[in-house]
There are 2 protein chains.
Amino acid sequence: MLQEDFSFVSHDCGDCPIRHRAVCARCETDELERLEEIKYYRSFEAGQTVVWSGDRMDFVGSVVSGIATLTQTMEDGRTQMVGLLLPSDFVGRPGREGAAYDVVATSDLVMCCFRKKPFEQMMETTPHIAQRLLQMTLDELDAAREWMLVLGRKTAREKIASLLAIIGRRDASIKSLSMQERIVFDLPLTREAMADYLGLTLETVSRQISALKREGLIELQGKRRVTVPDFSRLLEEAGDDSDGGLLV
Amino acid sequence: MLQEDFSFVSHDCGDCPIRHRAVCARCETDELERLEEIKYYRSFEAGQTVVWSGDRMDFVGSVVSGIATLTQTMEDGRTQMVGLLLPSDFVGRPGREGAAYDVVATSDLVMCCFRKKPFEQMMETTPHIAQRLLQMTLDELDAAREWMLVLGRKTAREKIASLLAIIGRRDASIKSLSMQERIVFDLPLTREAMADYLGLTLETVSRQISALKREGLIELQGKRRVTVPDFSRLLEEAGDDSDGGLLV
DNA sequence: CGCAGAATTGATACATCTCAAGCTGGGTGG
DNA sequence: CCACCCAGCTTGAGATGTATCAATTCTGCG
């Protein structure tokens, strides 16, 4: 069982893979040392629920590796994804008791957690943490608002193109590729999860992906691997102004 | 012209109407004094644009009175409201040059502004400001995510009911009414603005409002004044679980 | 009074959903 | 090693909710 196996995770913040991007990014060495005292790792298998909406949540933390989703569900089962959590993203809210959303591991997942009370105390005494958290929260707010435009005003085709553009852009930036070349990446989501992100049904997602493929905007190797031969053409389909390369 | 008339606004933070809710809420007297040095008021008439998306923005600030909207527009004119700014809400983002959205005054509007550079410096030296801003940003992030569910998964009727519920609830909480009684409030938005908020057309908004009225869920006095005889019934129509009174 | 912006209402078009049937590929057990 | 199985995915046909286009009707105001 993977649950307790995090041998592949460094326990030393100094060489943590998300050291420079997570909530601890601005911390000095001595601040990291105090964080180390209250941190612990947790691992989850793909499909496991990390937190249930409404549950008491006595920790906050960062995604170290893997992908998780943040979703909201109505009584009748309609669900909307409200966030995609990638490595370095922060989970939980200081100053709140219960979780507002379901957090589900989409792939195998490792999180670096902090007990909430001590973390809240550290926030008071360590401006670097609060500053970084503010910056990250502002970025997430922008992302959420960007997504409101997608959900409220874009067509199904534009929604799919927007999602592929976002994933492709992030992937290219991690690999430090330019947007001029062919972009190849794996979809981290099932068709159903994409539908929940985009406010569509999985059938519509499937149809629109097929249409984009038919028209040569994307190529598929298997169901998950996507090639974008001309990224600017994909951005046009997404309805984004110009090549908008730097806004996200 | 209203532009330069803010005689009705206190210049003394001590008795500012948003003193206890705005970004300065946690400041001590001496901190307020330093804020006073960099603050100035600006007034706008209904319909005026406060900031254009993409423009350089050299200030941040709080809404003192009136209502403004935060909107995003695509090249072809489709627009999505991504935020409704009420008194005490914060505008602008420390650490960013340009504005990400259009800010438009929906009613006559007074803002308390701070030049950005000095404000950013104060944030470094005054934890109370950064703490409060983080708290407010987290709240806005939650509101944005709540709205993603509305935009992505709710029907037109549920969207309208959700909007009425939010406005009505806020209004009742300002007036300290309980949710048991009849709620009466004025819509601060035109049908078109409601449509832009909800990702609908104005015709659909109008039809759904008429339907809710026909079925006795709401009553109208004129176009703008709304009476909700039974708030819990409205919440059912909104698709919200139970009476969800305290989640927002 | 009459105009202009805002809102309502109607008829029709169309995008997406719904329901249903098949396909595909990777894993499993005989 | 093959046949089967099943979750994930694709495709089709028809239903439906919302958009679109168009015509009135309100309402406040000069």
Side-chain angles (χ1 to χ4, degrees), chain A residues 45-47 69 74 76-80 104 106-107 150-164 186-215 218-226 237 239, chain B residues 45-48 69 74 76-80 104 106-108 150-164 186-215 218-226 237 239:
Chain A
E45 293 178 71
T69 63
M74 295 170 69
D76 62 7
R78 283 177 281 176
T79 75
Q80 175 65 51
V104 180
T106 284
S107 66
V150 173
L151 290 173
R153 290 304 188 192
K154 290 195 178 179
T155 65
R157 161 182 272 249
E158 289 169 334
K159 286 178 174 179
I160 297 288
S162 298
L163 180 59
L164 295 176
D186 283 314
L187 289 171
L189 302 172
T190 64
R191 300 290 187 264
E192 184 176 20
M194 293 172 70
D196 284 343
Y197 204 0
L198 296 167
L200 297 170
T201 59
L202 70 91
E203 293 95 329
T204 297
V205 169
S206 183
R207 272 187 254 272
Q208 295 297 338
I209 289 182
S210 297
L212 292 177
K213 177 180 163 194
R214 206 180 310 123
E215 297 166 34
I218 59 172
E219 293 155 25
L220 293 181
Q221 290 85 47
K223 310 289 188 191
R224 293 298 192 90
R225 173 143 298 188
V226 178
E237 292 298 334
Chain B
E45 293 179 72
Q48 275 191 303
T69 62
M74 296 171 68
D76 61 8
R78 283 177 281 177
T79 76
Q80 175 65 52
V104 179
T106 284
S107 66
D108 288 345
V150 172
L151 291 173
R153 290 304 188 192
K154 291 195 178 180
T155 65
R157 160 181 273 247
E158 289 169 334
K159 286 179 174 180
I160 297 288
S162 298
L163 181 58
L164 295 175
D186 283 314
L187 289 171
L189 302 173
T190 65
R191 300 288 187 266
E192 184 177 20
M194 293 172 69
D196 284 343
Y197 204 177
L198 296 167
L200 296 171
T201 60
L202 70 91
E203 293 95 329
T204 297
V205 169
S206 183
R207 272 186 254 272
Q208 295 298 337
I209 288 182
S210 297
L212 291 177
K213 177 181 164 193
R214 205 180 309 124
E215 296 166 36
I218 60 173
E219 292 155 25
L220 294 180
Q221 290 84 47
K223 309 291 188 190
R224 294 297 192 90
R225 173 143 298 188
V226 178
E237 292 297 334

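All chains are named by letter (A, B, ...) in the order of the sequence lines, taking the proteins before the strands, and each is independently numbered beginning at 1.
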Between A/A156 and B/R214, who's closer to the 5' end of DNA chain C by nearest nucleotide?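 Counting from the 5' end, the first nearest nucleotide belongs to B/R214.
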
Consider the side chain of A/S206, meaning its heavy atoms from C-beta on, and name the nucleotide among C/dA11, D/dT11, C/dT16 that approaches it most closely.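 So the nucleotide nearest the side chain must be D/dT11.
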
Rounding to an integer number of Å, can you tell me how far [X] [atom1] sits from [N] [atom2]?
| X | N | atom1 | atom2 | answer |
| --- | --- | --- | --- | --- |
| A/K159 | C/dC17 | NZ | P | 7 Å |
| B/R207 | D/dC21 | CZ | C1' | 11 Å |
| A/L220 | C/dC23 | CG | C1' | 16 Å |
| B/L151 | D/dG17 | CG | P | 20 Å |
| B/L212 | C/dA7 | CG | P | 16 Å |
| A/Q208 | D/dT11 | CD | P | 12 Å |
| B/Q221 | D/dC26 | CD | C1' | 16 Å |
| A/K223 | D/dA7 | NZ | P | 16 Å |

Using side chain to side chain contact (heavy atoms under 4.5 Å, CB included), reason through A/M194 and A/I209 one step at a time and then give a plain yes or no. CA-CA 11 Å; A/M194 293 172 70; A/I209 289 182; 3.8 Å; yes

Is B/S210 close enough to C/dT9 that one of its side-chain N or O atoms is under 4.0 Å from OP1 or OP2 there?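 Yes, such a contact exists.
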
Using a cut-off of strictly less than 4.0 Å, decide whether B/R224 has a side-chain nitrogen or oxygen near OP1 or OP2 of C/dA7.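 For B/R224, the contact criterion (side-chain N or O under 4.0 Å from OP1 or OP2 of C/dA7) is met.
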
Given 3.5 Å as the limit, does a donor-acceptor pair link the side chain of A/S206 with the main chain of A/L202, or not?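 No.
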
N/O donor-acceptor pair under 3.5 Å between A/Q80 side chain and A/Y197 backbone: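 Checked: pair present.
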
Go through the steps to decide whether B/I160 and B/T204 satisfy the test side chain to side chain contact (heavy atoms under 4.5 Å, CB included), and finish with yes or no. CA-CA 10 Å; B/I160 297 288; B/T204 297; over 6 Å; no

If you take any heavy atom closer than 4.0 Å to DNA chain C, which residues from residues 190-203 of chain B end up in contact?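 Under 4.0 Å from DNA chain C: B/T190, B/R191, B/L202, B/E203.
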
Passing option when A/R153 is tested against B/T79, B/D196, B/D76 for side chain to side chain donor-acceptor pair (under 3.5 Å):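 That would be B/D196.
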
Heavy-atom side-chain contact between A/V150 and B/L151 under 4.5 Å: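 Result no, sub-4.5 Å side-chain heavy-atom pair not found.
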
If I take atom CZ from residue B/R78 and atom OG1 from residue A/T155, how far apart are they, to the nearest 0.5 angstrom?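 B/R78 atom CZ to A/T155 atom OG1 measures 6.5 Å (nearest 0.5 Å).
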
